[in-house]
Amino acid sequence: MFKNTAAFSGFSVDDIQKAKEFYGGILGLDQSDSNGILTLHLAGGGKIVIYPKPNHVPATFTILNFPVPRIEEAVKALKARGVRFEAYTEGPLKTDDSGIAHGTGGPLIAWFKDPAGNFLSVLEEPPLSK
């Protein structure tokens with residue numbers, strides 16, 4: 001039924017202007033807005049809608065992942081732009097001094113929050129084998 005629809009995801013924030021500044025200015029994503037709703041335009045034609053919600057409660061899980069070829073470079077660049085990474089001291093999510101988790105059983109990953117407190121991540125995708 002929905003196989004050929006252009007589905008998209010969305011999430012809330014408490015301040016749409018701060019979201020515009022963060023997602024466009026800090027993360028460098030293309031965006032547009034209409035009627036107070038922000039749309040992020042992702043590589044490959046995908047999109048995500050961000051809407052203001054007065055009683056917003058931040059997501060307690062990762063709502064958006066950004067795959068990169070080299071996580072150390074991405075973390076360093078984001079820190080230079082003022083992004084603070086989450087630090088975990090125990091278990092498989094334990095992070096190193098840069099904020100990167102190595103023991104998740106999956107890709108190298110580092111978590112950070114948007115201005116509304118929603119969790120995002122940057123993760124290292126292994127190169128495609130030829």
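Start at 1 with the first residue, then count along the sequence.
Residues that satisfy the side-chain contact (heavy atoms from CB on, under 4.5 Å) test with S32, not counting sequence neighbours, are T39, H41. For the ring-ring contact (aromatic ring centres under 6.0 Å, His included) test, residues two or more places apart in sequence or in another chain that qualify with F112 are F85. Take E72 and apply the side chain to side chain donor-acceptor pair (under 3.5 Å) test, not counting sequence neighbours, and it matches no residue. Applying the salt bridge (charged side-chain N to carboxylate O under 4.0 Å, His left out) rule to K53 yields no partners; only residues at least two apart in sequence or on another chain are considered. Not a single side chain to side chain donor-acceptor pair (under 3.5 Å) links R81 to another residue, sequence neighbours left out. Contacts of N65 classified as side chain to side chain donor-acceptor pair (under 3.5 Å), with partners at least two apart in sequence or in another chain: S121.
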Distance-only criterion, 3.5 Å: show the donor-acceptor pairs between side-chain atoms of residues 10-18 and protein atoms not counting sequence neighbours.
from: S12; atom 1: OG; to: H56; atom 2: ND1; distance (Å): 2.7
from: D15; atom 1: OD1; to: Q17; atom 2: N; distance (Å): 3.0
from: D15; atom 1: OD1; to: K18; atom 2: N; distance (Å): 3.0
from: Q17; atom 1: NE2; to: E21; atom 2: OE2; distance (Å): 3.2

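Nearest heavy atom pair, residue K79 against residue S98, reads NZ-O, 3.1 Å. When all heavy atoms of V75 and A110 are compared, the closest pair comes out as CG2-CB, 4.0 Å. In plain terms, the two heavy atoms of G117 and P58 that are nearest each other are O-CB, 3.3 Å. Contact between I26 and V83 at its shortest, heavy atoms only, is CG2-CG2, 3.5 Å.
Legend: salt bridge (charged side-chain N to carboxylate O under 4.0 Å, His left out) pairs involving residues 82-103, not counting sequence neighbours: none detected. Evaluation of the salt bridge (charged side-chain N to carboxylate O under 4.0 Å, His left out) test over residues 100-114, restricted to residues two or more places apart or in two chains, returns none. Within the structure, salt bridge (charged side-chain N to carboxylate O under 4.0 Å, His left out) contacts touching residues 37-49 (residues at least two apart or in different chains) do not occur.
I48 CD1 to I63 CD1: the interatomic distance, rounded to the nearest 0.5 Å, is 7.5 Å. Here the CG-CD distance, from L38 to Q31, works out to 4.5 Å after rounding to the nearest 0.5 Å. One distance of note links CG of L29 with CZ of F22; it measures 9.0 Å at 0.5 Å rounding. Here the CZ atom belonging to R70 is positioned 13.0 Å from the NZ atom belonging to K76, to the nearest 0.5 angstrom. Put simply, OH on Y23 and CG on L64 are 6.0 Å apart, with the number rounded to the nearest 0.5 Å. One finds the CG atom of L108 at 12.5 Å from the OG1 atom of T95 (value rounded to the nearest 0.5 Å).
Cluster annotation: V57 is not connected to I50 through the hydrophobic network of ILVMFWY side chains, with a link wherever side-chain heavy atoms come within less than 4.5 Å.
Counting side-chain heavy-atom gaps under 4.5 Å among Ile, Leu, Val, Met, Phe, Trp and Tyr, the cluster of M1 also holds F2. Counting side-chain heavy-atom gaps under 4.5 Å among Ile, Leu, Val, Met, Phe, Trp and Tyr, the cluster of W111 also holds Y88, L93, I109, F119, L123.
Counting only heavy atoms from C-beta outward, the side chains of I100 and H102 approach each other to under 4.5 Å.
The backbone N or O of V68 lies less than 3.5 Å from no partner atom in the side chain of E125, so there is not a single donor-acceptor pair.
Counting non-hydrogen atoms of neighbouring residues, nucleotides and ligands closer than 6.0 angstrom, the CG atom of N35 reaches no more than 12 such neighbours.
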